[in-house]
S.K.: 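Handing you a structure now.
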Protein chains: 2
Amino acid sequence: MPTVKDVARHAGVSVGTVSKVLSEDQTVKVALRERVLQAVTDLNYRPNMAARALRTNKFNIIGLVVPDITNPFFAQLALNIETEAARRGHTVMLTNSHDDTVTEGRQIAALLDRSPRGLIVAACNDTSAKLESSEVRVLSLDRRFHSFPLVSTDHADGSAKVATYLISLGHQRLAYLAGPQDTEVGRQRLAGFVRQFEVHNAQNAALQLEIHNGQFDFHSGEILARKLLLQSEGERPTAIAAASDQMAIGVLRAARDMGISVPQSVSVVGFDDTTLASLVVPRLTTVAQPTEKLAKKAVERVLDESSSPLEDVLLEGSLVIRESTARILPAGHSS
Amino acid sequence: MPTVKDVARHAGVSVGTVSKVLSEDQTVKVALRERVLQAVTDLNYRPNMAARALRTNKFNIIGLVVPDITNPFFAQLALNIETEAARRGHTVMLTNSHDDTVTEGRQIAALLDRSPRGLIVAACNDTSAKLESSEVRVLSLDRRFHSFPLVSTDHADGSAKVATYLISLGHQRLAYLAGPQDTEVGRQRLAGFVRQFEVHNAQNAALQLEIHNGQFDFHSGEILARKLLLQSEGERPTAIAAASDQMAIGVLRAARDMGISVPQSVSVVGFDDTTLASLVVPRLTTVAQPTEKLAKKAVERVLDESSSPLEDVLLEGSLVIRESTARILPAGHSS
DNA sequence: CTGAAAGCGCTTACAG
DNA sequence: CTGAAAGCGCTTACAG
């Protein structure tokens with residue numbers, strides 16, 4: 001492997017000049033710069049990142065911590081982050097916290113050891129792990145980590161869109177299956193839904209909403225739905241909004257097992273728009289998170305040294321209407 | 001950040017001794033070692049990886065290249081690789097080739113620049129990209145990269161299991177939806193199925209097999225199945241084996257759209273056992289790849305410096321029987 | 001068994 | 001505008 005020294009010799013300049021050309025220092029005369037660049041290609045020189053990192057204390061690496069890369073949403077995010085990072089000459093170090101705070105702390109320490117340019121973490125919960133105040137820029141993605149600035153979807157707004165949509169379809173008895181309330185995401189999504197529901201309810205007192213708490217996963221949605229759908233047709237909700245696609249898919253399965261057809265008898269909405277959403281039967285109406293924008297924004301902010309990224313960034317999600325929701329004739333229309 | 005120098009001063013020894021203790025050199029006397037370790041914890045010393053890498057030319061990092069982390073199978077693999085790597089004090093640099101050879105080459109170069117301990121690559125196709133013969137250990141995972149040793153599931157054997165299983169259920173008219181034949185995986189899976197079919201056919205000449213070529217994705221499975229299932233009930237296959245879960249799920253959707261019930265009228269089998277397989281309706285019978293073992297094996301081999309990992313490692317997949325397959329009464333039993 | 005010293009490949013003030 | 005030199009924090013022969 002050739003080094004700066006080799007390049008310098010080949011070009012007939014000093015190593016300092018080579019270094020300057022490589023770092024795009026404009027003070028090098030064109031003639032010299034050309035010679036150096038020629039030498040670089042001649043020798044197929046590639047800078048030694050470790051040496052550079054030792055001097056500058058910064059590696060062209062971004063650390064990424066997610067709860068579980070197996071979760072399609074995080075996979076989507078990771079893909080886009082990696083792609084954007086690569087575009088900017090950076091590489092991504094990926095780590096899974098397995099939804100465990102202790103592991104998360106250990107992983108972060110391991111990443112920090114490798115002097116990354118920045119750290120993007122989708123925290124496993126809201127407990128503020130202590131992070132030694134390093135000079136490494138840290139960003140929260142999707143879920144708040146410690147008190148670091150957050151880039152995420154506007155969950156409350158997304159849920160609000162769902163509420164408005166369902167009510168506009170004529171549904172009067174709604175159910176919301178909430179995510180864990182010890183997470184900011186879970187709380188935001190619930191709050192947004194409830195708030196919007198109340199706005200509509202102020203105009204139409206016939207509306208009803210029941211809320212059930214669960215986890216974000218498939219199983220949780222299935223269990224809650226089973227209970228819910230046991231009620232007689234006139235009693236039970238005609239529309240179920242779930243806090244995640246996984247939960248909504250659980251609802252779909254419960255409905256199917258109980259012989260209740262979706263969307264004819266009950267409408268179902270998810271949240272996230274993971275790849276699953278368009279594969280299930282019926283295809284799931286859901287709120288799409290703008291993963292690509294989230295990823296770009298996160299990379300941009302974690303890399304940008306000039307701006308002080310103190311504020312949170314909230315990006316809007318969009319309602320994706322598929323086959324799991326339908327208009328209903330308000331059967332028991334209480335006038 | 002404290003350095004070896006600080007630790008040395010604190011412990012009253014030389015930096016060389018500190019380094020030796022840290023690298024678990026046994027030649028340091030217990031008394032000194034204790035003092036050093038005490039100093040390390042006192043100062044909360046963390047070695048500078050960049051400096052270490054500069055000297056040793058090796059970072060505690062494993063590079064991982066996958067076609068697309070969004071593919072559940074690779075996500076599963078990545079999770080297990082990361083977990084195993086972390087257990088061994090290594091970190092994983094993840095990169096997506098987007099199924100494109102040029103990008104793949106660029107990504108690999110970027111990873112190599114960062115002096116990883118080793119490289120694990122799930123290639124996007126069989127074309128042998130040129131890789132400068134570096135001292136970095138390279139391993140093929142799941143799909144052959146260049147001519148580097150491969151760790152993968154025994155695809156042929158897995159397909160053979162499917163063939164045997166379907167025939168044992170009494171199916172006589174089989175269809176196999178093959179993956180792309182310019183990939184080793186695609187070819188292996190097809191070959192294994194055909195070979196096993198022929199073994200059975202030697203004993204029972206009534207067996208029939210039709211083969212259709214496609215891609216591994218959902219869409220491809222759907223299209224092929226639509227054509228296949230257009231045939232009258234007495235003509236069309238009663239069992240369809242697909243080269244991937246995605247394809248099989250496409251088949252499921254086609255069958256559903258055409259009012260053909262699975263498994264009553266046609267049995268469907270996938271390959272991979274991605275998370276999807278147990279979420280679809282009906283739950284998919286498939287071949288599970290031993291992702292955890294694959295990951296462990298890959299990490300072990302890529303890190304192990306002693307053994308020369310020249311041979312391929314093939315691990316056995318297992319048939320997972322769910323709800324998409326059933327026994328049939330041989331209707332048109334040609335005696 | 002321990003220490004002093006060289007050197008890994010860069011970058012960056014500092015002279016000139 | 002260019003070069004000589006110091007130094008980033010380690011590891012590793014080499015003396016003693």
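Proteins get letters first, then strands, A, B, ... in listed order; numbering begins at 1 in each.
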S.K.: Is it true that a side-chain atom of A/Asn48 and a backbone atom of A/Ala50 form a donor plus acceptor pair closer than 3.5 Å?
M.R.: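 Yes; judged by distance alone, with no hydrogens or angles, the pair exists.
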S.K.: Among D/dC8, C/dT2, C/dT12, which nucleotide has an atom closest to any side-chain atom of A/Leu54?
M.R.: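 The nucleotide sitting nearest to the side chain is D/dC8.
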S.K.: More than 12 heavy atoms of other residues, nucleotides or ligands under 6.0 Å from NZ of B/Lys58: yes or no?
M.R.: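 More than 12 within 6.0 Å, yes.
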S.K.: Between D/dT11, D/dC1, C/dC10, which one does the side chain of A/Thr27 approach most closely?
M.R.: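 Nearest listed nucleotide: D/dC1.
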S.K.: Specify the separation, in whole Å, of atom NZ of A/Lys5 and atom P of D/dA6.
M.R.: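 Between P of D/dA6 and NZ of A/Lys5: 14 Å.
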S.K.: Using both distances under 3.5 Å as the test, list the Watson-Crick or G-U wobble partner of D/dT2, or none.
M.R.: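 Check on D/dT2: paired to C/dA15, both distances under 3.5 Å.
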S.K.: For the pair made of CZ in A/Phe59 and P in D/dG9, what is the distance, rounded to whole Å?
M.R.: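 From A/Phe59 CZ to D/dG9 P: 15 Å.
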S.K.: Which ones in residues 6-16 of chain B lie close to DNA chain C, meaning a heavy atom under 4.0 Å from one of its atoms?
M.R.: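 Going residue by residue through residues 6-16 of chain B, the ones with a heavy atom under 4.0 Å of DNA chain C turn out to be B/Val13, B/Ser14.
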S.K.: With a 3.5 Å distance limit and no angle check, can you tell me whether B/Asp99 reaches the backbone of B/Pro67 through a side-chain donor-acceptor pair?
M.R.: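 Looks like no, no N/O pair under 3.5 Å.
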S.K.: What is the distance, rounded to the nearest whole Å, between atom CE of B/Met1 and atom P of D/dC8?
M.R.: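 In whole Å, D/dC8 P lies 16 Å from B/Met1 CE.
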S.K.: Let's test your reading of the model: under 3.5 Å, does the base of D/dG9 pair with the side chain of B/Arg55 as donor and acceptor?
M.R.: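 A donor-acceptor contact between them is absent.
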S.K.: For the pair B/His146 and B/Phe148, name the ring-plane relationship: parallel under 30°, tilted 30 to 60°, perpendicular over 60°.
M.R.: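 The rings of B/His146 and B/Phe148 sit tilted, inter-plane angle from 30° to 60°.
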S.K.: Among the candidates C/dC10, C/dT2, D/dC8, find the nucleotide nearest to the side-chain atoms of B/Thr17.
M.R.: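 Nearest to the side chain of B/Thr17 among the choices is C/dT2.
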S.K.: Over how many whole Å does the gap from B/Met49 atom CE to C/dC10 atom P extend?
M.R.: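 Rounding to the nearest Å, CE of B/Met49 and P of C/dC10 are 21 Å apart.
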S.K.: What's the CG-P distance between A/Asn57 and C/dC10, to the nearest Å?
M.R.: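 Spelled out: CG on A/Asn57 to P on C/dC10 is 17 Å.
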S.K.: In whole angstrom, give the distance that lies between atom NZ of A/Lys58 and atom P of C/dT11.
M.R.: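 Roughly 15 Å, once rounded to whole Å.
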S.K.: Between C/dC10, C/dT12, D/dC10, which nucleotide gets closest to the side-chain atoms of A/Lys20?
M.R.: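 Of the options given, the side chain of A/Lys20 lies nearest C/dT12.
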S.K.: Under 4.0 Å between a side-chain N or O of B/Thr3 and OP1 or OP2 of D/dG9?
M.R.: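 Answer no for this pair, as no side-chain N or O of B/Thr3 is under 4.0 Å from OP1 or OP2.
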S.K.: So, is A/Arg52 close to the C/dT11 phosphate, meaning a side-chain N or O under 4.0 Å from OP1 or OP2?
M.R.: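 Yes, such a contact exists.
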S.K.: What's the closest nucleotide to the A/Asn48 side chain, out of C/dG9, D/dT11, C/dT12?
M.R.: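 Selected nucleotide: C/dG9.
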S.K.: I'd like to know if the side chain of A/Asp272 and the backbone of A/Thr274 have a donor-acceptor N/O pair within less than 3.5 Å.
M.R.: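 The answer is no, because no donor-acceptor pair under 3.5 Å joins these two groups.
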S.K.: Can you measure A/Tyr45 atom OH to C/dG9 atom P for me and round it to whole angstrom units?
M.R.: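 After rounding, the gap between these two atoms is 10 Å.
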S.K.: Taking the basic N atoms (NZ, or NE/NH1/NH2) and the acidic carboxylate oxygens, is any pair closer than 4.0 Å for B/Arg9 and B/Asp6?
M.R.: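 Salt bridge present between B/Arg9 and B/Asp6.
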S.K.: For A/Phe59 and B/Phe59, I'd like to know if the aromatic rings sit close, meaning centre-to-centre distance below 6.0 Å.
M.R.: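 Centroid distance A/Phe59-B/Phe59: below 6.0 Å, so yes.
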S.K.: Report the distance from atom CD of A/Glu34 to atom P of D/dC1, rounded to the nearest whole Å.
M.R.: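 In whole Å, D/dC1 P lies 16 Å from A/Glu34 CD.
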S.K.: Without swapping roles, check the side chain of B/Arg137 against the backbone of B/Val302 for a donor-acceptor pair under 3.5 Å.
M.R.: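 A pair under 3.5 Å: no.
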S.K.: NA contact type, A/Leu32, heavy-atom cut-off 4.0 Å: base, sugar-phosphate, or nothing?
M.R.: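 Sugar-phosphate, no base atom in range.
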